[in-house]
Structure formats: structure tokens, C-alpha cells
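Scroll down for the structure; my scribbles are underneath it.
Whatever order the structure lists them in is the order used to number ligands and atoms, beginning at 1. Along the sequence shown, residues carry numbers from 1.
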Amino acid sequence: MTTVISNFQGIQVLDSRGRPTVCARMMLSDGSVHKATVPSGASTGAHEALELRDGETEISEKLFLGKSVHQAVSNINEIIRPRLLKLEPNSEKIDAILHELDSTSRHEILGANATLATSLVGAIASAHVRKVSLARFYQPHGALKIPMPMVNILSGGAHAAGALDIQDVLVIPHGAKTFAQGLTWVSAIREKAAELGASDGFMTNLVADEGGLGLPFASSDMACGFITHCIESVGLNPRVDVSLALDIAATQFYKDEKYESRSQGLQYTPEQWSQLLLALVATHPIISIEDPFAEDDWDSWELFMKQLPRPIQVVGDDLFTTNTRRLSRGIKGRSANAILIKPNQNGLVTSTHDVLTQAQYSGLGTIVSARSGESEDSWLADLATGWNAGQIKVGSTHGSERTAKWNRLLELEATEETVFSKPF
Ligand code: 2PG
Ligand code: MG
């Protein structure tokens, strides 16, 4: 007997920042129940798909500072639900229906939180009826490639009340033989950073949105030096075992064609800002740099790529917003050599996968990424693995919404035929 969708419902739930978000719940005729909750960013790009929020229209919504998602939930219940009932769960078909209901580029009619929640649970239920994991749904045969983690140690910018100008200092355990070993290394570095930070007089028991430490270093240079010291202090070799990655999230402090350093009270022209970043790359064991410039400062990106002293990964997050048109422009102009893939920037699972495939086809690195506001779901780990992304960014090793994804990757490595991805 074919399994069909017997019930489908949207629910307003809370994300890891305590803000409302959309959960979609799909019940199948075989009695199984599947759920997916959408994440939410803080340093969001202007070109992302629309996250539909209610605004301060009613008292109950005012209590959530206008961030409630009742309209998106109602779009699931009133508009999407009738189209899905009695259908066989089929990810591509469900996404085609969502596209038919809302073909606007940013999902402005239904809200990308409504479309993504539906699209995700559709993919999860489709894997279930095929009796495979979500990772295996995308790659039925052969060894699964467990992605290389990029792990947050220090947070600043919009995730830690501006503790640092730049948003994240992360580490990549590219010398590890297995994912489990890599995660052990970065976890040790995270704990060492807390220990050394405390002995320097910093508050290290408070964590930022993604579980990172919000240590207020006076400069990015000092922050990079500190993390390199932490790597050495746990007995690992910078550049050989573990290297640094930065997420500058420069859109956040770009104003009137200048990059503003709040910590130093200085403003930089794009050329001066670029020189500052090139000096950081030349000094520290940095192998990846994300959003070094603002989302529409295309010229600076292109120039930076030409001026790099050595080949490192330059990642477009706000620049590309997991959008095929913006990626095409970046490929043509050689603005970056890697892309951050965030499903909620796009709004549908299948078209997010298409953007990843387009990037891989053009030789760009791909990093599947969580958001600063997350849920306890672990589907991201399966998508990154099944899509053969090569890299994943989930935040720190603290916070159950983060460890849900790391632990799922540990589970995949322990139970499936896998190899550890080596993008560096
Ligand atoms: C980013 C993400 C995750 P946010 O900028 O890459 O770190 O942050 O979800 O706030 O956009
Ligand atoms: Mg980013």
C-alpha cells in the first residue's frame, strides 16, 4: 500500500535564541511523524529569501518584539496543507508545488520560513518512505563523505554584542584523520581558549549566540594570535593540524562606502580595509576568510582575490545568499572561490541543492552552514554529507542546537561506510 501524507501542520516554536520560528509536522499514513524547524540568522544578507514575521500588530506579538511567525504558520495550514494531503511524500514534487504557490524569487507570498519548513520535512519524509537516512536519500551508494568542520571559537559582531569587530574566529582541523578526531581537537582548543581567556581576566563562562567565547580583544590581529597560541597549547601544529578561518561579516559594519572598526574607532576605505585583511592573512595561519567585504561591494571582492599572497578560501555568504543569480555573477567576476550554503537564505531544499551543484560544477568550495538562531534538528548534517559538500559550519562545540549536528556526523561516521572529506 502506498504511503501518503495524512496530516500536515505548522507550529510556532522557539529557536536557540528564544525567538519564534516555524516547525512543520508531517504525518504519514504508515503512522510515522516527521518534523523540521527552520533556523534564523542575525547577520542576514539583504538578498536572502524573506523570513516572514508578523511585526508588532497585536499584544501577543508585541511580547515577541514583532518576531512571531503566526502568518507563516497560517500559510502552511491554510494554503500549503490542502495541496499536500493525500499525496505521496516526494521532495521534488513538494518543492514544485511550493514553487507553484509562490514563484517570487524571495518567497514573499508564503514566507521562506513557511516554504523551507515544508520543503525540509518533505525531504525527510521522502527519505523515510524509501527507508534510508536523509544523507543516503541523496547518495544511495558508496562511501559517504563526512564534511570537514569549521568550528567557532571566538565570536564578535552581531553574535556577541560587538565583542570583536569581526564576527567569528574559527578553526579547521584539516590534519585530522577522521571527523571524530577533528572534533576532539577543536573541542580541546575551545576549552583551552576558555581557560587561557579566564587567566587573562576575561569572562569565559558567558557564551555568544553560537556557543563561542565573546572575548573583547582590541584587534582581530590579537584574536588570531590568541587562537594560534591555543592550538599550540593543546599540542597541535598550526598550519599542519589545524588552521584558522575568519567570518568577517563585513556587511554589518559597512557604511557610506567605508568599513568602520568600532573597537578602534576608525574608518577604512575599501582599499585600506583590504590591506588590513591581507596583512592578517600574511601573519596568521588563516586558510579561509568569509565575507571580507560587504554584500554589494563586488569590486573589492574581485580585487582582493587577485591580491591574495597565497591561495586561501574566500567564501561568499551575504555576497551570494545561496542564490543562483548572485552566484553566477560571482563565478563570472571571480569574486570568491567558495560559497556558504544556507537553506533558509534560499527557501527550498531542492533549489538550495541546485545552487550547491552549480558551485561545485564551477570549481567553488561549498560549506553547508547553520544559522546563529538554530533548533535541535540535525538535518543539516545529513544534507552536508549526502550532498557531498566537503565542509560544514555549525558554530561552536557548546549548545545542544550545535552538538545535535556534530553528534549526527559522529553517528554517520560510526555507522555508515564513510570517508572524511579533505578539502585542504
Ligand atoms: C554567518 C552565520 C553563521 P547568521 O554569518 O555565517 O555564523 O551567522 O546566521 O547570524 O547570519
Ligand atoms: Mg557569515
Can the ring centres of Y254 and Y259 be said to be less than 6.0 Å apart?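 Yes, close enough.
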Among Q272, E271, Q264, the one residue meeting side-chain hydrogen bond (donor to acceptor under 3.5 Å, both in side chains) with Y268: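 Among the candidates, only Q264 passes.
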Can you tell which of R371, Q167, Q252 makes a side-chain hydrogen bond (donor to acceptor under 3.5 Å, both in side chains) with S43?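 That would be Q167.
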Closest protein heavy atom (residue, atom, distance) for [atom]:
atom	answer
atom 6 (O) of ligand 1	K393 NZ, 2.7 Å
atom 8 (O) of ligand 1	H159 CE1, 3.1 Å
atom 5 (O) of ligand 1	Q167 NE2, 2.8 Å
atom 3 (C) of ligand 1	E210 OE2, 3.0 Å

Taking only heavy atoms of [X], which atoms of ligand 1 are found under 4.0 Å from at least one of them?
X	result
A370	3 (C)
D247	1 (C), 5 (O), 6 (O)
S372	4 (P), 9 (O), 10 (O)
D317	1 (C), 5 (O), 6 (O)
R371	4 (P), 9 (O), 11 (O)
L340	6 (O)

Could you check E51 against R53 for salt bridge (charged side-chain N to carboxylate O under 4.0 Å, His left out), going step by step and ending with a plain yes or no? CA-CA 6 Å; E51 188 178 72; R53 297 211 179 259; 3.2 Å; yes
Using salt bridge (charged side-chain N to carboxylate O under 4.0 Å, His left out), reason through E290 and K393 one step at a time and then give a plain yes or no. CA-CA 12 Å; E290 178 181 328; K393 185 174 92 160; 3.0 Å; yes
Hey, does [X] come in under 3.5 Å of ligand 1, counting only N/O atoms on both sides?
X	result
K342	yes
T44	no
A42	yes

Tell me, please: is S43 in heavy-atom contact with ligand 1, that is, under 4.0 Å?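 A heavy atom of S43 does come that close to ligand 1.
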With heavy-atom distances below 4.5 Å as the criterion, would you say the side chains of V394 and P149 are in contact?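 Side-chain contact under 4.5 Å: no.
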Value rounded to 0.5 Å, distance of CG in N152 from CZ in R190: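 Answer for the CG-CZ pair, N152 versus R190, is 8.0 Å.
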Listing by chain and number, which protein N, O or S atoms are under 2.8 Å from the Mg ion (ligand 2)?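 Protein N, O or S atoms closer than 2.8 Å to the Mg ion (ligand 2): D247 OD2, E290 OE2, D317 OD2.
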Neighbour count above 12 (heavy atom, 6.0 Å) for K255 NZ: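 For K255, atom NZ is crowded (more than 12 foreign heavy atoms under 6.0 Å).
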Expected output: side-chain [X] to main-chain [Y] donor-acceptor under 3.5 Å:
X	Y	value
D15	G373	no
D291	F293	no
T21	V38	yes
S351	D354	no

Can you check salt bridge (charged side-chain N to carboxylate O under 4.0 Å, His left out) on K405 and E374, steps first, answer last? CA-CA 10 Å; K405 283 78 165 167; E374 266 294 332; 2.8 Å; yes
